[in-house]
Amino acid sequence: MTLHPRPLAPALAAAEAAGRTTVRLDLDGVRGKAELMRRCGDALRLPEWVGGNWDALADALRDLSWLPVAAEGRLVAVTGWSGYAGARPAEWETFVEVLEEAVDFWRERGPGPGLAVVLAEPEPEPEPGPGGGPESGRGPAAGAPPRAPRLKRRRG
């Protein structure tokens with residue numbers, strides 16, 4: 001569920017060209033659950049009935065009837081998430097669990113449009129000068145961002 005695109009826009013354009021509806025959920029600056037829920041509502045165009053709690057978000061992600069469907073399904077790219085994950089690790093773990101459960105739900109439905117989620121963070125800017133800049137040919141170190149473990153139960 002993690003992706004380090006170079007850059008994200010062409011990856012989303014390629015997904016759309018392949019027949020997916022794409023949504024970008026930017027979490028930059030989010031530091032709490034209320035703001036997270038608002039951002040989810042805005043990006044996913046959630047109906048007003050979706051409340052600001054984990055169960056309501058989980059239910060909405062298993063519905064998605066209001067989000068345009070494409071032949072190959074839907075792709076949600078979550079960006080700018082590392083600040084929130086660091087500020088609220090327990091909430092972040094719960095959010096990741098909700099996303100994983102939604103992806104599993106759509107996968108288990110069998111053939112047809114499903115849901116895919118990627119966690120995308122921009123790669124760090126190369127350091128200037130010898131050893132880290134673009135002229136060195138090395139660029140930023142490769143590696144995946146931390147991934148939250150699955151939880152046994154959701155927190156209210």
Side-chain angles (χ1 to χ4, degrees), residues 1-16 18 20-70 72-125 139-156:
M1 189 160 84
T2 302
L3 171 71
H4 272 281
R6 273 195 192 171
L8 181 60
L12 293 178
E16 287 176 0
R20 288 190 181 266
T21 297
T22 62
V23 174
R24 184 173 182 167
L25 173 57
D26 183 11
L27 301 183
D28 188 39
V30 171
R31 294 294 183 263
K33 181 179 172 185
E35 178 65 11
L36 171 73
M37 294 296 174
R38 188 187 68 71
R39 294 274 182 101
C40 287
D42 291 348
L44 296 168
R45 298 180 294 270
L46 297 177
E48 290 185 25
W49 60 261
V50 176
N53 63 63
W54 299 121
D55 289 334
L57 180 60
D59 290 345
L61 290 172
R62 286 189 297 265
D63 180 353
L64 296 178
S65 59
W66 62 89
L67 191 62
V69 63
E72 295 301 317
R74 302 163 186 100
L75 171 67
V76 177
V78 183
T79 62
W81 58 268
S82 61
Y84 176 66
R88 304 286 190 138
E91 288 178 10
W92 173 250
E93 290 175 4
T94 302
F95 180 60
V96 169
E97 176 188 341
V98 167
L99 294 174
E100 288 174 337
E101 288 174 359
V103 168
D104 290 345
F105 170 83
W106 287 98
R107 184 180 303 123
E108 291 168 5
R109 289 185 58 151
L115 174 68
V117 176
V118 293
L119 304 179
E121 284 291 331
E123 291 187 5
E125 293 292 322
R147 185 182 170 290
R150 286 186 178 263
L151 301 175
K152 298 294 185 213
R153 62 181 172 80
R154 233 178 263 130
R155 295 180 179 98

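Keep in mind that what you see is a predicted model, and the values were worked out from it rather than measured.
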Contact summary for Phe95 and Leu25, nearest pair of heavy atoms: CZ-CD2, 3.9 Å

Distance (rounded to the nearest 0.5 Å) between Arg45 CZ and Leu64 CG: 10.5 Å

Which atom of Arg20 lies closest to which atom of Arg74, heavy atoms considered: NH1-O, 3.5 Å

Arg62 side-chain N/O to Glu101 backbone N/O, donor-acceptor pair under 3.5 Å: no

Non-hydrogen atoms of Val30 and Glu35 that approach each other most closely: CG2-CG, 3.6 Å

Heavy-atom donor-acceptor pair, Trp54 side chain to Val98 backbone, under 3.5 Å: no

Side chain to side chain, Glu91 and Leu36, heavy atoms closer than 4.5 Å: no

Parallel, tilted or perpendicular: ring planes of Trp92 versus Tyr84, cut at 30 and 60 degrees: perpendicular

Closest contact, heavy atoms only, Ala60 versus Val50: CB-CG2, 3.7 Å

Could you go through residues 106-118 and list every donor-acceptor pair under 3.5 Å that involves a side-chain atom there, pairing it with any protein atom two or more places apart or in another chain?
{"from": "Trp106", "atom 1": "NE1", "to": "Leu61", "atom 2": "O", "distance (Å)": "2.7"}
{"from": "Arg107", "atom 1": "NH1", "to": "Asp104", "atom 2": "OD1", "distance (Å)": "2.9"}

Least distance between heavy atoms, Arg31 atom then Arg88 atom: O-NE, 3.0 Å

Spacing of Leu99 atom CG and Thr94 atom OG1 [to the nearest 0.5 Å]: 11.0 Å

Minimum-distance pair of heavy atoms, taken over all atoms of Ala43 and Val23: O-CG1, 3.3 Å

